[in-house]
Amino acid sequence: MKIHKVNISMTLLSVSVLLVMSITQANAADHSNATNNMNKSDMPDMSGMKDDSMTMPGMNDDSTDDSSMNMSDMDMSDMDMSGMQGGEPPSDARNPDYSNGVSYGRYGKPVMEGSLPTWGVSVSKLGYLFDDDAINYETEAWVGTDSQRIMLRSEGEIQTKDDKDIDSLTSLSYWQPLGIYWNGQAGVAYDTKNDKPAIMTGIEGTTPYFIDTEARAYLYTDGQVRLDLEAEYQWRLDQHWVVIPEVELTAFSKDDTDNNITKGFNELETEVRLTYETLSRQLAPYVGYRYETALGSARGQQRQLGENVNSSSVTAGVKFWF
């Protein structure tokens with residue numbers, strides 16, 4: 001009995017497996033046939049379509065070039081573009097020149113500060129030499145702009161005893177920048193010691209280590225050439241106290257016995273001043289010490305005339321600018 005039941009179970013299992021395999025094969029065959037039987041007749045007919053027939057409104061049907069686009073039929077009169085750039089500005093907008101309604105005065109338009117004509121006066125030294133009984137000074141005044149100026153410069157000594165001689169060198173020149181650190185000058189000058197006019201040219205500026213340097217040449221009417229070299233440094237101790245050492249050399253191109261001048265370097269002058277700057281550094285009283293000596297052939301000439309070869313003096317004065 002058990003044997004018959006086992007045989008029946010095995011038979012039913014075999015039949016089930018065969019039935020599943022038959023169904024799977026039939027589905028695969030139907031799918032393959034459906035794919036193979038598909039042809040062009042079952043698809044939409046696109047033979048009548050071509051690129052030229054695909055157009056947009058306002059475009060020329062004969063060409064797809066951008067130049068064939070016709071926008072003349074578009075009505076833009078109803079479009080509000082006031083909010084775009086170039087439209088009407090709001091009532092609280094700033095002035096186009098950023099002046100906020102402030103007048104530019106007599107210039108009538110914005111100008112760079114450096115291009116405005118202005119003027120200035122600078123007195124580098126105005127002091128008394130106690131041992132020499134003299135007043136020494138060095139000053140300059142100018143008018144113009146940062147690129148072009150007319151400058152008046154004068155330096156010298158005024159004796160306060162005996163005949164009260166005035167030994168000064170005054171020049172009127174045209175001033176112009178030559179670069180970032182250098183300026184050039186050219187003009188005319190008059191020397192009271194020689195009592196002769198001269199043509200002047202020179203440069204002034206700042207060398208490395210912030211040394212203020214000046215070099216000027218003077219050509220006198222008699223052919224004499226004078227060369228002045230000057231170097232100055234400002235050693236700032238704090239916001240007010242400043243030590244200023246200064247060196248100046250003078251040379252001539254030929255002898256001039258009438259004015260006690262010899263060829264070559266004639267004079268070396270050194271000075272050290274201690275200044276105290278006040279009023280936004282525009283006013284600075286000072287005390288100092290000056291030493292002056294003759295050089296070269298000038299030493300022998302001064303000895304023959306009975307004059308001192310070397311001289312020194314304590315000085316006190318003030319420097320200012322405005």
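Just the heavy atoms: all of them, side chains too, but no hydrogens, waters or symmetry mates, feed the values below.
- Among residues two or more places apart in sequence or in another chain, the salt bridge (charged side-chain N to carboxylate O under 4.0 Å, His left out) test is passed with R281 by E277.
- Counting only heavy atoms from C-beta outward, the side chains of L116 and T145 never approach each other to under 4.5 Å.
- Considering all non-hydrogen atoms of both residues, Q224 and D222 come closest at N-OD1, 3.1 Å.
- Counting heavy-atom neighbours within 6.0 Å of K263 NZ, excluding the residue itself, gives a total of 12 or less.
- Considering D228, L295, N266 as possible partners of L249, the one that fulfils the side chain to side chain contact (heavy atoms under 4.5 Å, CB included) test is L295.
- Closest of all the heavy-atom pairs between G184 and L178 is N-CG, 3.5 Å.
- Atom CG of L283 and atom CZ of F320 lie 8.0 Å apart (nearest 0.5 Å).
- At a threshold of 4.0 Å, the pair D133-K161 counts as salt-bridged, since one of the basic side-chain nitrogens sits closer than that to a carboxylate oxygen.
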### Message
Pair E271, I244 - check side chain to side chain contact (heavy atoms under 4.5 Å, CB included), show working.
### Response
CA-CA 8 Å; E271 186 172 342; I244 304 177; over 6 Å; no

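- Side-chain contact, Y220 with D191: a donor N or O sits under 3.5 Å from an acceptor N or O.
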### Task
Carefully, step by step, assess L172 and M151 under the rule side chain to side chain contact (heavy atoms under 4.5 Å, CB included).
CA-CA 6 Å; L172 179 65; M151 182 173 292; over 6 Å; no

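- Other residues, nucleotides and ligands contribute at most 12 non-hydrogen atoms within 6.0 Å of the OH atom of Y181.
- Across all their heavy atoms, T262 and A298 have their closest contact at OG1-N, 3.3 Å.
- Side-chain atoms of Y128 and T315 form no donor-acceptor pair, as typed in the model, at a separation below 3.5 Å.
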### Message
I'd like to know whether V243 forms a side chain to side chain contact (heavy atoms under 4.5 Å, CB included) with V272, so could you lay out the CA-CA distance, the side-chain angles of the two residues, the decisive distance to 0.1 Å, and finally the verdict.
### Response
CA-CA 7 Å; V243 176; V272 179; 4.1 Å; yes

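- Within 6.0 Å of CD1 in I158 there are more than 12 heavy atoms belonging to other residues, nucleotides or ligands.
- E140 CD to S122 OG: the interatomic distance, rounded to the nearest 0.5 Å, is 5.5 Å.
- Smallest separation of non-hydrogen atoms from E157 and N136: CG-CB, 3.9 Å.
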### Query
For D165 and K193, what are the C-alpha separation, side-chain angles and deciding distance, and is it a salt bridge (Lys or Arg N to Asp or Glu O under 4.0 Å)?
CA-CA 9 Å; D165 290 337; K193 184 176 182 179; over 6 Å; no

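- Using cut-offs of 30° and 60° for the angle between ring planes, the H240 and Y276 rings count as parallel.
- For the pair Y218/M200, a side-chain contact is recorded, criterion being any heavy-atom separation below 4.5 Å from C-beta on.
- Taking 4.5 Å as the limit, every side-chain heavy atom of T139 sits out of range of all side-chain heavy atoms of E155.
- Residues L279 and V242 are members of separate hydrophobic clusters, defined by side-chain heavy-atom contacts under 4.5 angstrom among Ile, Leu, Val, Met, Phe, Trp and Tyr.
- In the hydrophobic cluster analysis, where Ile, Leu, Val, Met, Phe, Trp and Tyr join through side-chain heavy atoms closer than 4.5 angstrom, I150 is grouped apart from W142.
- In this structure, L237 places its CG atom where more than 12 heavy-atom neighbours from other residues, nucleotides or ligands lie under 6.0 Å away.
- For the atom pair CH2 (W175) and CG (D146), the distance works out to 6.5 Å, reported to the nearest 0.5 Å.
- The neighbour count for Y190 OH, taken as heavy atoms of other residues, nucleotides or ligands under 6.0 Å away, is above 12.
- Checked for salt-bridge contact, R153 and E214 meet the test: a charged N lies under 4.0 Å from a carboxylate O.
- W241 and Y286 are assigned to two separate hydrophobic clusters, defined by single-linkage of ILVMFWY side chains at heavy-atom distances under 4.5 Å.
- Minimum interatomic distance between S313 and D131 (heavy atoms only, all atoms of both residues): OG-N, 3.0 Å.
- Side-chain atoms of V143 and L152, non-hydrogen and from C-beta on, never get closer than 4.5 Å to each other.
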### Message
Using side chain to side chain contact (heavy atoms under 4.5 Å, CB included), reason through K196 and N259 one step at a time and then give a plain yes or no.
### Response
CA-CA 11 Å; K196 294 183 179 69; N259 296 292; 4.0 Å; yes

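- By the 6.0 Å contact criterion, CH2 on W182 is enclosed, its count of non-hydrogen atoms from other residues, nucleotides or ligands being greater than 12.
- For the atom pair CZ of F210 and CG of D212, the computed distance is 10.5 Å after rounding to the nearest 0.5 Å.
- Between T293 and the options E267, Q302, R299, E269, a side chain to side chain donor-acceptor pair (under 3.5 Å) holds for only R299.
- Rounding to the nearest 0.5 Å gives a distance of 9.0 Å between CG of L169 and CZ of R216.
- No side-chain donor-acceptor contact under 3.5 Å links S173 and S171.
- Hydrophobic cluster membership is shared by V318 and V121, with clusters built from Ile, Leu, Val, Met, Phe, Trp and Tyr side chains linked at under 4.5 angstrom.
- Residue F130 is grouped with residue Y291 when hydrophobic side chains (ILVMFWY) are merged at heavy-atom distances under 4.5 angstrom, including chains of intermediate members.
- A251 and F265 get closest at one heavy-atom pair: CB-CD2, 3.7 Å.
- The distance from the CG atom of N260 to the CD atom of Q301 is 5.0 Å, given to the nearest 0.5 Å.
- Within the structure, the salt bridge (Lys or Arg N to Asp or Glu O under 4.0 Å) test picks out the following pairs touching residues 240-253 (sequence neighbours left out): K125-E246, E246-R273.
- Residues T250 and L227 are not in side-chain contact: their nearest non-hydrogen atoms beyond the backbone lie 4.5 Å or more apart.
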